[in-house]
Every structure is written in structure tokens, then in C-alpha cells.
K.L.:
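My questions all concern the structure below.
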Amino acid sequence: MTDATTTPQQDAYARAQAALATRKDAILVAMLPDVAFDGWTGATLRRGAEAAGFHAQEAEAAFPGGPVEAACWFSDWADRQMVDALAGVDLTTLKVRERVTLAVRKRLEILTPYREAVRRASSLLSLPQNATRGPQLVYATVDAAWRAVGDTSIDYNFYTKRLLLAGVVTTTTLYWLDDRSDELADSWAFLDRRIANVMSVGKVIGQVTGRADKAAGLLPHIPSPTRFMRRLRGAAGV
């Protein structure tokens, strides 16, 4: 049924976009096992489409940008899975730092079966021609996480929170990729330490808001998503 505030054309477009997103999700999930071995390629995309019950050519229709677009969609898919997982948790009993920690952990738990696909996606997105995409995806992730845990800030804190959490997400992901501890216990301990660190930095930044010279002096100590992408690229031998 068409919403009273939308036109039939807008409603039809929304349905088409929802159907496309569902199709892209199905192809993505079906291709991930092959990505771990063969990387993000046109061939893995086509096999994913077929495994999802579509014609191989549907891969190109769903992802006209090819493997790079699919890798970006992978990050978006993980963000949406994280938000859905958090929706099923009573966050009102948790402190802010506990909520944020849970958001990052949920996302990594969702991605744990696909760690090699994450590594290969990060390597692909760190190539010079794709260099702007990685930081954009990191921002989308931290923004989704903050919103999912109830952040409603619209002032300076809006940007500070996202900048600080970007550092947590990038460094913890890098650590998690090589973690071989039981049930990833070392990764969760690392995440706890990083959250504690950035919460301290955040308090200091809050105290010097409006004093650009001191705030700027803290920025070099916050991990850069761009440097993180370069490290992954080197580790993968790309």
C-alpha cells in the first residue's frame, strides 16, 4: 500500500531498491566462501549469483561496480547485521562505553566466519584507485554503531565520538584478523583496552573543546583508518 506521503512512483522505486538489496545480500553471502580462497573477483561474483539461485549475469546487474562494489557492500551488510543484533539487546542497563564495546564486538563476531574475506576486502580497498573507499566505510560503520547505541549528539561531540571510535574499529580489526586465541579472548581484551584509552582521550578533548591548538595535538595519537588500510595491504602482499 502506498504511504500517504509518497507518490506511487516513489513507492515503486522503494520496493525496487529493497528487492535489489535483498538480491545483493543473497549473492554476497553465497560468494563469501569462494572469496576466502579466490579473492574478490568477477568469477567469485558470478559463482555467488549462481549459488544464490540467479543467473551468473545477475552478478553484474546487482554489482555494476564489480568486485569493489561487492566488497563495499560486504561492509554495509556487516553494519546492518550489527544494528540488527544490537536491536535485540536491552542497552538501557549498560554504560555508554559498554554499549560501544558491545557494538564493535557484535560486528566482529558477525564477521568471524569470514575473516579471510575481510582481509582480502581490506587489501582490495587499500589499492590506490580505491583508497578513498576504506575511510568512507569506516566512517559509515562508526556512525551506524553510535546511532545504534542511542547517540543523539549534534554538536562537536558528534565528530569526536566518530573519530575516536574509528581508531578503535581499525586497530581492533587488525588485531582480530590475526587472533588465534580461544574464542577470540585476546581480541575482546584488546578491544576493552582500546575503548578505555579512547574514552580517556575523549574526556580530554571535551575539556579543550574550542581550544584548537590543544585538541589538534591529540589527533596524531588517534589511529588513522588510512594507515590501517595500508598495513593490511602490505600484510596481504598486494
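Owing to the predicted nature of the structure, the values given are computational and were not obtained by experimental measurement. The analysis underlying the following values was restricted to heavy atoms, covering all of them including side chains, and did not include hydrogens, waters or symmetry mates.
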K.L.:
Show every salt bridge (charged side-chain N to carboxylate O under 4.0 Å, His left out) that has at least one partner inside residues 62-75, sequence neighbours left out.
P.N.:
Lys24-Glu69
K.L.:
Going by atom type alone, with no hydrogens or angles, which donor-acceptor pairs under 3.5 Å involve a side-chain atom of residues 54-67 and a protein atom two or more places apart or on another chain?
P.N.:
from: His55; atom 1: ND1; to: Gln57; atom 2: N; distance (Å): 3.0
from: Glu58; atom 1: OE2; to: Arg23; atom 2: NE; distance (Å): 2.6

K.L.:
Using the salt bridge (charged side-chain N to carboxylate O under 4.0 Å, His left out) rule, collect all pairs that involve residues 86-105, keeping only residues at least two apart or in two chains.
P.N.:
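For residues 86-105, and leaving out neighbouring residues, the salt bridge (charged side-chain N to carboxylate O under 4.0 Å, His left out) pairs sorted by first residue read Arg105-Glu109.
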K.L.:
Checking Arg115 now: which residues fulfil side chain to side chain donor-acceptor pair (under 3.5 Å) with it, not counting sequence neighbours?
P.N.:
none
K.L.:
Is the shortest side-chain heavy-atom distance between Ser75 and Arg107 below 4.5 Å?
P.N.:
yes
K.L.:
Kindly indicate, with the supporting measurements, whether the criterion side chain to side chain donor-acceptor pair (under 3.5 Å) is fulfilled by Thr41 and Thr44.
P.N.:
CA-CA 5 Å; Thr41 67; Thr44 55; 3.3 Å; yes
K.L.:
Going from CG on Asn157 to CG on Leu163, what distance comes out if it is rounded to the nearest 0.5 angstrom?
P.N.:
12.0 Å
K.L.:
Can you measure from CZ (Arg120) to CG (Leu125) and round to the nearest 0.5 angstrom?
P.N.:
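Reported value, rounded in 0.5 Å steps: 13.5 Å.
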K.L.:
Any Lys/Arg nitrogen of Asp84 or Arg80 sitting under 4.0 Å from an Asp/Glu carboxylate oxygen of the other?
P.N.:
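Answer for the salt bridge query: no.
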K.L.:
Please, which pairs that meet ring pair (Phe, Tyr, Trp, His ring centres under 6.0 Å) have at least one residue in residues 79-101, sequence neighbours excluded?
P.N.:
none
K.L.:
Which other residues end up in the same hydrophobic cluster as Tyr175, if Ile, Leu, Val, Met, Phe, Trp and Tyr are linked when side-chain heavy atoms come under 4.5 Å apart?
P.N.:
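Its cluster mates, by chain and number, are Phe190.
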K.L.:
Not counting sequence neighbours, list each pair that qualifies as a ring pair (Phe, Tyr, Trp, His ring centres under 6.0 Å) and has a residue in residues 125-147.
P.N.:
none
K.L.:
Taking salt bridge (Lys or Arg N to Asp or Glu O under 4.0 Å) as the test, write out the residues that go with Asp151, two or more places apart.
P.N.:
Lys161, Arg162
K.L.:
Say you draw a straight line from CZ of Phe74 to CG of Asp79; how long is it, rounded to the nearest 0.5 Å?
P.N.:
10.5 Å
K.L.:
Can Asp11 and Thr6 be counted as having a side-chain donor-acceptor contact under 3.5 angstrom?
P.N.:
no
K.L.:
Taking side-chain contact (heavy atoms from CB on, under 4.5 Å) as the definition, give me every residue that meets it alongside Thr101, ordered by chain and number, with sequence neighbours left out.
P.N.:
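side-chain contact (heavy atoms from CB on, under 4.5 Å) list for Thr101, sorted by chain: Leu191, Asp192, Ile195.
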K.L.:
Run Arg194 and Thr171 through side chain to side chain donor-acceptor pair (under 3.5 Å) and show every step you take.
P.N.:
CA-CA 8 Å; Arg194 291 295 298 125; Thr171 56; 3.1 Å; yes
K.L.:
I need the Phe158 CZ to Thr152 OG1 distance, nearest 0.5 Å.
P.N.:
11.0 Å
K.L.:
Measuring from atom CD1 of Ile27 to atom CG of Leu45, what distance do you get when rounded to the nearest 0.5 angstrom?
P.N.:
7.5 Å
K.L.:
Taking only residues two or more places apart in sequence or in another chain, which ones pass salt bridge (Lys or Arg N to Asp or Glu O under 4.0 Å) with Asp38?
P.N.:
Arg47
K.L.:
Strictly by salt bridge (charged side-chain N to carboxylate O under 4.0 Å, His left out), give each pair with a member in residues 179-189 just once, sequence neighbours left out.
P.N.:
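Sorted pair list comes back empty.
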K.L.:
Is it true that Glu50 and Arg46 make a salt bridge, defined as a side-chain N closer than 4.0 Å to a carboxylate O?
P.N.:
no
K.L.:
Rounded to the nearest 0.5 Å, what separates atom CG in Leu174 from atom OG in Ser122?
P.N.:
9.0 Å
K.L.:
With sequence neighbours excluded, what pairs up with Trp176 under the ring-ring contact (aromatic ring centres under 6.0 Å, His included) test?
P.N.:
none
